[in-house]
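Everything on this sheet refers to the single structure shown next.
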Amino acid sequence: MAKEQKTQLEVLNALDVAKTQWYHFTAIVIAGMGFFTDAYDLFCISLVTKLLGRIYYHVDGSPKPGSLPPNISAAVNGVALFGTLAGQLFFGWLGDKLGRKRVYGMTLGIMVVASIASGLSFGHTPGTVMGTLCFFRFWLGFGIGGDYPLSATIMSEYSNKKTRGAFIAAVFAMQGFGILSGGVFAIIISSVFKSVYKAPPYEVDALGSTVPQADYVWRIILMFGAIPAALTFYSRSKMPETARYTALVAKDAKRAAADMSKVLQVEIEAEPEKVETVREESRNSFGLFSMQFVRRHGAHLFGTASTWFLLDIAFYSQNLFQKDVFSAIGWIPKAATMNALDEVFWISRAQTLIALCSTVPGYWFTVAFIDRIGRFWIQLVGFFMMTVFMFGLAIPYHHWTQPENRIGFVVLYALTFFFANFGPNSTTFVVPAEIFPARLRSTCHGISAAAGKAGAIIGAFGFLYLAQDKDKKKADPGYPAGIGVKNALIVLGFVNLLGMFCTLLVPESKGKSLEEMSGENEEETA
């Protein structure tokens with residue numbers, strides 16, 4: 001059987017060939033501010049976990065400041081990732097059932113409420129404070145999870161085929177500004193509190209090094225994430241449903257044409273008879289769990305899910321615990337030589353510098369080149385370079401721990417982040433929004449993203465234990481002996497190498513319409 005391209009619906013063709021217009025940038029900002037908030041909320045917790053340990057788990061007479069017990073640290077750092085995974089699956093499915101627009105506002109509402117509630121406490125004991133924090137960060141993650149499939153799907157369905165990759169990548173690139181803003185805001189808050197509430201280093205006065213007002217610092221940092229989300233709530237409610245959902249899933253050709261006529265400011269014919277033809281074709285009605293889906297898209301879904309899974313093992317283990325890596329090489333002063341607010345400042349400074357020098361530029365390099373180089377090559381080369389730099393950090397690890405070589409370590413570490421973002425961290429978000437049928441697009445993106453968060457959970461939790469010193473006496477209090485930072489980096493290098501091979505399962509979608517990629521615009525001829 002041969003396959004031929006059918007005549008495209010006029011409303012979808014108009015979107016595919018539309019020149020870049022103001023509504024494209026409006027959609028990028030509206031969707032992108034959600035991702036700005038997502039990144040801020042997910043990664044700001046790593047800035048305050050040391051502070052939480054000092055405040056709530058201080059041990060009198062200890063030579064080191066208090067730190068979160070292993071199980072508490074794992075829960076605080078990882079619970080939002082579990083919520084995100086659940087949200088990606090649930091809202092991904094719901095976005096295909098109820099429509100992208102109807103579900104889009106729900107996720108933002110959850111994020112606003114949960115961000116504010118994360119800074120509240122029901123009680124004063126460590127258990128109640130951490131319990132409250134974990135409860136609301138789970139629901140924060142749940143809302144964040146919904147933003148992944150919905151933002152990607154909405155942007156892909158609004159875009160033209162020439163610059164679609166750049167538009168979707170630009171939405172995701174706002175994540176870089178979210179991470180950067182988290183670091184900058186934490187620097188500002190910690191600096192203000194430091195100037196007002198003076199405190200000696202821990203080694204001088206263990207109890208006095210953590211002023212009571214430090215308890216407000218972590219709460220303010222976590223709650224600030226509600227502001228950018230709330231600012232875009234009204235704009236999201238006014239966005240029209242995407243034409244592809246309205247025409248191909250809801251089968252309402254007149255409404256799709258009317259909505260896009262307003263957006264594009266051109267007259268578009270409704271063509272209800274073509275929509276009816278699409279409705280009657282069985283090849284456009286198979287479900288996610290059918291053999292027809294497995295034959296047409298099974299390898300693609302495995303490719304998008306596995307590459308995102310492997311990427312996030314490496315990405316989140318670095319991002320959530322980069323403060324531990326920097327401490328190990330001496331880029332952040334020893335904890336005992338700082339007071340609690342100093343430690344927040346130095347950790348935030350390190351994250352901000354990495355975001356400024358590598359994370360943010362990497363995202364925007366993808367935006368600039370994704371529709372020229374293509375998704376496949378950016379992802380393949382990105383995984384390859386991450387592998388090279390990870391091994392470059394790991395194999396001569398002792399060399400990098402010497403004081404005179406610390407800058408070299410930071411450069412290689414920054415390059416790893418650069419090629420993660422000018423590479424698979426961006427493309428794994430873009431591709432699942434382009435290659436699946438409209439009626440399953442949000443669901444499949446949600447599944448791929450959830451696989452990524454499963455990898456993030458492994459990276460976040462695994463690195464907590466793997467990176468501990470081989471000598472249990474040198475490990476953090478409460479942790480068993482691990483394999484050390486060097487061997488943990490070697491493991492992550494092999495993870496990146498496997499991601500490079502799984503990329504071979506992912507098709508190139510550069511310059512093609514969504515219907516061409518998904519097969520919705522094909523008919524079989526003898």
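Below, each value reflects all heavy atoms present in this structure, side chains not excepted, and no hydrogens, waters or symmetry copies.
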Quick one: does [X]'s side chain get under 4.5 Å of [Y]'s, heavy atoms only?
X    : Y    : result
Y158 : M239 : yes
K162 : K19  : no
V112 : I227 : no
P432 : C444 : no
F193 : V344 : no

Polar side-chain atom of [X] near backbone of [Y] as donor-acceptor pair, under 3.5 Å:
X    : Y    : answer
T26  : W22  : yes
T153 : A433 : no
Q88  : A450 : yes
R137 : A75  : no

ask   = Only one of V430, N425, T427 clears side chain to side chain contact (heavy atoms under 4.5 Å, CB included) with F172; which?
value = N425
inquiry  = Against E434, only a single residue in R441, K512, R375 fulfils side-chain hydrogen bond (donor to acceptor under 3.5 Å, both in side chains); can you say which?
reply    = R375
message = Apply ring pair (Phe, Tyr, Trp, His ring centres under 6.0 Å) to residues H445 and F436 and explain how you reach the verdict.
response = CA-CA 9 Å; H445 194 284; F436 299 107; 9.0 Å; no
message = Tell me if the OH atom of Y23 is crowded by more than 12 foreign heavy atoms within 6.0 Å.
response = yes
Out of curiosity, [X] [atom1] to [Y] [atom2], how far, rounded to the nearest 0.5 Å?
X    : Y    : atom1 : atom2 : result
L353 : L180 : CG    : CG    : 9.5 Å
W308 : F429 : CH2   : CZ    : 6.0 Å
M174 : F36  : CE    : CZ    : 6.5 Å

key: Aromatic centroids of F142 and F82 separated by under 6.0 Å   = no
query = Can the ring centroids of F91 and Y148 be said to lie less than 6.0 angstrom from one another?
reply = no
ask   = Hey, mind stepping through L222 and S115 against side-chain contact (heavy atoms from CB on, under 4.5 Å) and telling me if it holds?
value = CA-CA 6 Å; L222 296 187; S115 288; over 6 Å; no
query = Would S518 and L514 satisfy side-chain contact (heavy atoms from CB on, under 4.5 Å), going step by step from the backbone distance to the final call?
reply = CA-CA 6 Å; S518 65; L514 297 178; 5.6 Å; no
task = Inspect the contact between D16 and R244 and indicate whether a charged nitrogen and a carboxylate oxygen are less than 4.0 angstrom apart.
result = yes
request  = Indicate yes or no: does K510 engage D371 in a salt bridge with an N to O separation below 4.0 Å.
outcome  = no
query = Could R236 and Y104 be counted as a cation-pi pair, given that NZ or CZ must be under 6.0 Å from the ring centre and within 45° of the axis?
reply = yes
Under 3.5 Å, is there a donor on one side chain and an acceptor on the other for [X] and [Y]?
X    : Y    : answer
D96  : W93  : no
T246 : D252 : no
N77  : T49  : no

task = Could you go through the ring pair (Phe, Tyr, Trp, His ring centres under 6.0 Å) check for F224 and Y40 one step at a time?
result = CA-CA 9 Å; F224 182 77; Y40 180 96; 5.7 Å; yes
remark   = In terms of heavy-atom contacts, N339 and S209 come closest through CB-O, 3.1 Å
inquiry  = The test is side-chain contact (heavy atoms from CB on, under 4.5 Å); show your working for S442 and R100 and say whether it passes.
reply    = CA-CA 8 Å; S442 181; R100 292 55 160 134; 4.1 Å; yes
ask   = Step by step, would you call F422 with Y363 a ring pair (Phe, Tyr, Trp, His ring centres under 6.0 Å)?
value = CA-CA 6 Å; F422 181 36; Y363 282 122; over 10 Å; no
message = The test is side-chain contact (heavy atoms from CB on, under 4.5 Å); show your working for S448 and T428 and say whether it passes.
response = CA-CA 8 Å; S448 301; T428 51; over 6 Å; no
task = Just do the ring pair (Phe, Tyr, Trp, His ring centres under 6.0 Å) check on F177 and F35 with the steps written out, would you?
result = CA-CA 9 Å; F177 288 125; F35 262 86; over 10 Å; no
